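Here is the structure we will look at, set down as structure tokens.
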Amino acid sequence: MNNREIAETFETVADMLAIRGDQIHRIIAYRRAAENIRELNRDLNAIMAEGNLTSIPGIGATLAEKIEEMLTNNRLAFYDRLAEQIPPKLVEMLKVEGLGPKRVKQIYDSLGITDLDQLSKAAQEGGLRQLPGMGAKSEARIIAGVEALVRHGDSRTPLGVAWPVANLIVEQLRDLAGVERVDVAGSLRRMRESIGDIDILVAADDAEPIMEFFCAMENVETVLGRGPTKSSVNLINGLQVDLRVLPAARWGTSLSYFTGSKSHNVRLRELAIKQGLSLNEYSFTPQDGQADILCATEEAVYETLGLPYIPPPMREDKGEIEAALKGELPTLVQMEDIRSDLHMHSTWSDGKMTIKEMAEAASRRGLSHIVIADHSASLGIANGLTIERLRDQAAEIRALDREFGPNFRILHGTEMEIRANGELDFPDEILAALDFVIASLHVGLRQPREQIMERLLGAVNNPHVDMIAHPTGRLIPDRPGADVEMEVLIQRAADTGTILEVNANPQRLDLQAKDVRRAIEIGAKLAINTDAHHADHFQFIHFGVATAQRGWATAEDVVNTWSADKLMAFVENKS
DNA sequence: TAGTAGTGACTAACATTTGCCCACAAATG
């Protein structure tokens with residue numbers, strides 16, 4: 001079994017334990033283990049070989065033994081035993097909106113129902129209302145819940161899809177009378193690569209008309225709930241949107257609460273308790289009966305806890321609280337720090353605009369230099385450049401560069417194919433003439449790990465290759481990406497001075513945040529690029545910056561914050 | 001179950017809203 005399968009097994013075990021009614025801490029332990037394994041940059045086999053499994057956070061002797069069992073036997077006896085009591089299919093039922101572990105257990109124990117089909121049928125026949133606490137309305141909810149699950153699945157929505165939907169709603173709410181502030185919260189504000197639902201927070205004294213408008217928006221399919229401060233709806237496209245309305249004087253505590261993450265919130269509330277305060281979305285409440293402390297800003301919330309402000313992309317309880325307590329929070333790279341885009345295409349290959357049009361658009365956005373990096377010959381589908389066309393392109397770029405003057409530089413690069421057999425598309429003497437050489441994988445992504453790594457490391461080890469673009473080649477949510485041994489790639493990139501890209505296209509976000517963080521720890525340099533095929537794509541940059549921020553990147557870590565001269569000096573140094 | 005303290009025992013995840021049935025489960029971050 002691989003890392004992903006082992007994490008999934010632990011996750012299922014946690015769900016099964018929850019249905020069985022086990023102690024909450026045991027369940028949490030399995031969930032934590034699953035999450036930490038998902039975040040791992042290394043293969044569990046390698047860690048086991050070093051005898052270091054318990055060095056993974058949340059893995060103690062017991063779980064280490066279970067991981068070892070799965071790695072060697074491809075199965076887990078504990079899981080099999082548990083499955084005799086709690087059929088693993090029951091876990092599917094937890095995904096039905098309105099069903100939790102207690103109800104699932106009750107339905108299984110009393111009716112013997114083990115899957116969604118039986119559940120839906122029993123609900124339709126009125127067989128669930130005999131259970132205590134269940135009635136006709138619960139049955140209807142369950143029928144709708146199963147239907148929604150079958151129709152839309154339980155998949156999360158890519159950031160790039162949710163972002164415009166959320167902003168459209170925000171714009172509409174902003175125009176309503178009595179609305180003082182509107183903001184996106186939740187995982188969307190933290191800029192996770194995929195989101196479960198859209199959370200929107202409104203500051204207003206009178207919530208009622210806002211709820212009224214929200215639940216009646218034209219793209220609302222069903223209203224899941226509507227109360228005085230909180231409403232939830234499902235949109236026609238299957239996305240769930242939650243709205244909370246609170247007074248502006250409580251904006252800081254409510255935005256902090258609604259932004260999360262859940263585990264970050266729990267940590268904040270624990271810190272509050274240690275200081276004799278109870279923290280909720282409305283205020284801090286001193287336990288000794290003194291007056292509530294209201295926070296109009298998030299800064300005030302963190303200040304009350306004795307912490308510096310923690311930016312939303314970091315709020316995942318991945319060490320940011322500890323760093324804040326020690327005063328060691330990094331200063332994250334910001335949009336304003338970005339001076340260049342080192343990966344874009346033109347009509348020379350599969351881009352939709354000419355080099356000049358791309359350059360003009362980039363210049364208008366305030367960039368100081370760009371790299372034109374069209375595809376190379378073997379990517380025929382993208383009209384990749386032969387050596388001859390590359391030379392012709394060089395002439396055009398040099399002329400345009402002169403035309404734009406000293407304040408905006410157009411550098412000549414390539415996005416060179418790393419072929420399936422590991423060969424590079426251009427020989428060294430051609431690469432030597434280019435300003436910036438990008439190498440990337442587009443074909444043979446399903447090769448075994450050894451082959452993928454041989455190809456990637458071959459490129460990294462070439463002294464002319466300056467950057468690896470979208471290192472895994474994943475596409476969210478369709479394609480998982482190549483089986484890259486990230487630890488090895490990052491280490492070699494750091495050793496050779498090869499830049500790793502954080503591709504800002506929301507379908508890619510590759511490197512992903514956890515790999516960004518590891519790259520920074522190891523000391524590899526990063527570039528945030530849009531991979532634009534049209535000037536409209538330049539706006540993707542903020543997704544890339546957010547991903548870098550989620551990986552704790554500072555301006556120092558990101559070469560796009562450098563001048564063209566500093567960048568050129570850096571790549572010339574590679575050997 | 002992990003982590004810690006210390007070799008067997010203890011502690012550890014907060015605080016709320018809503019729906020639906022009549023006290024609680026589920027869902028939200």
Side-chain angles (χ1 to χ4, degrees), chain A residues 10 13-14 17-19 21-34 36 53-67 78 93-107 128-129 131-142 144-145 184-190 192 195-201 207 211 223-233 240-246 250 253-274 277-285 305 312 315-317:
Chain A
F10 280 159
V13 165
L17 292 175
I19 293 171
D22 273 49
Q23 250 196 22
I24 184 67
H25 294 109
R26 195 178 186 197
I27 298 164
I28 291 168
Y30 277 97
R31 293 240 157 86
R32 271 196 73 200
N36 285 319
L53 285 174
T54 52
S55 71
I56 303 167
I59 304 293
T62 315
L63 289 183
E65 203 176 294
K66 289 185 165 69
I67 292 171
F78 173 64
M93 285 168 52
L94 291 175
K95 292 179 187 152
V96 177
E97 180 93 29
L99 279 187
K102 299 231 167 107
R103 288 241 194 275
V104 167
K105 179 157 195 331
Q106 184 189 36
I107 289 169
L128 297 182
R129 66 186 67 177
L131 302 174
M134 301 272 275
K137 285 199 171 172
S138 298
E139 286 175 337
R141 230 173 116 93
I142 286 171
V184 166
S187 52
L188 202 49
R189 181 159 183 252
R190 302 198 311 276
R192 285 195 53 167
I195 59 118
D197 61 8
I198 293 173
D199 300 299
I200 296 175
L201 183 67
M211 294 300 178
V223 177
L224 298 169
R226 179 172 166 181
T229 67
K230 176 183 172 185
S231 293
S232 296
V233 298
Q240 183 180 327
V241 188
D242 297 338
L243 174 71
R244 286 208 66 163
V245 182
L246 291 106
R250 303 177 190 274
T253 40
S254 52
L255 184 59
S256 160
Y257 152 72
F258 214 26
T259 298
S261 65
K262 180 181 174 180
S263 47
H264 181 87
N265 287 352
V266 169
R267 294 293 308 276
L268 292 188
R269 289 171 180 199
E270 283 173 345
L271 279 178
I273 287 172
K274 281 189 192 136
L277 301 167
S278 168
L279 169 61
N280 62 25
E281 54 266 55
Y282 300 104
S283 65
F284 287 95
T285 305
L305 291 169
R315 299 183 196 168
E316 300 289 350
D317 190 23

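The figures that follow rest on heavy atoms only: side chains count, while hydrogens, waters and symmetry mates do not. Each chain gets a letter, A, B and so on, in the order the sequences are listed, and its residues count up from 1. For clarity, every value in this text was computed on a predicted model and none was experimentally measured.
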_C1'-based separation of B:dG8 from B:dG3 [nearest Å]_ = 15 Å
*Using the P atom as the reference point in each nucleotide, state the distance between B:dT11 and B:dT17 in Å, no decimals.*
30 Å
_Generate the contact string for nucleotides 21-29 of chain B. Rules: B means base contact, S means sugar-phosphate contact only, - means no protein heavy atom under 4.0 Å._
S---SSSBB
*Using both distances under 3.5 Å as the test, list the Watson-Crick or G-U wobble partner of B:dT16, or none.*
B:dA27
*Applying a 3.5 Å limit to both distances, which nucleotide forms a Watson-Crick or G-U wobble pair with B:dT11?*
B:dA2
Round to a whole Å and report the spacing from [atom1] of [X] to [atom2] of [N].
X        : N      : atom1 : atom2 : answer
A:Leu201 : B:dT17 : CG    : P     : 14 Å
A:Gln23  : B:dA2  : CD    : C1'   : 12 Å
A:Asn36  : B:dG3  : CG    : C1'   : 14 Å
A:Leu277 : B:dC14 : CG    : P     : 15 Å
A:Arg26  : B:dA13 : CZ    : C1'   : 18 Å

Nucleotide nearest [X] (side chain, heavy atoms from C-beta), chosen from [options]:
X        : options               : result
A:Pro228 : B:dT18, B:dT1, B:dC14 : B:dT18
A:Ile273 : B:dT1, B:dT16, B:dC14 : B:dC14
A:Ile28  : B:dA2, B:dA13, B:dA15 : B:dA13

*Is there a side-chain contact between A:Arg267 and A:His264 (heavy atoms, below 4.5 Å)?*
no
*Starting at the 5' end of DNA chain B and moving along, which residue's nearest nucleotide shows up first, A:Gly60 or A:Ile24?*
A:Gly60
_Please tell me if A:Ser231 has a side-chain N or O lying less than 4.0 Å from either OP1 or OP2 of B:dT18._
no
*asked:* Can you give me the closest heavy-atom contact between A:Met211 and A:Leu243, atom names plus distance?
replied: SD-CD2, 3.9 Å
_Closest contact, heavy atoms only, A:Gly58 versus A:Ala33_ = O-CB, 4.2 Å
*Could you tell me whether a side-chain N or O of A:Asp199 sits under 3.5 Å from a main-chain N or O of A:Phe258, the two making a donor and an acceptor?*
no
*Would you say A:Gln240's side chain and A:Asp197's backbone share a donor-acceptor pair under 3.5 angstrom?*
no
*So which of A:Arg103, A:Met93, A:Lys137, A:Met134 actually passes side-chain contact (heavy atoms from CB on, under 4.5 Å) with A:Ile142?*
A:Met134
_Looking at B:dA13 and A:His25: do their rings stack (centroid distance under 5.5 Å, interplanar angle under 30°)?_
no
_For A:Lys95, I'd like to know if atom NZ has over 12 heavy atoms of other residues, nucleotides or ligands within 6.0 Å._
yes
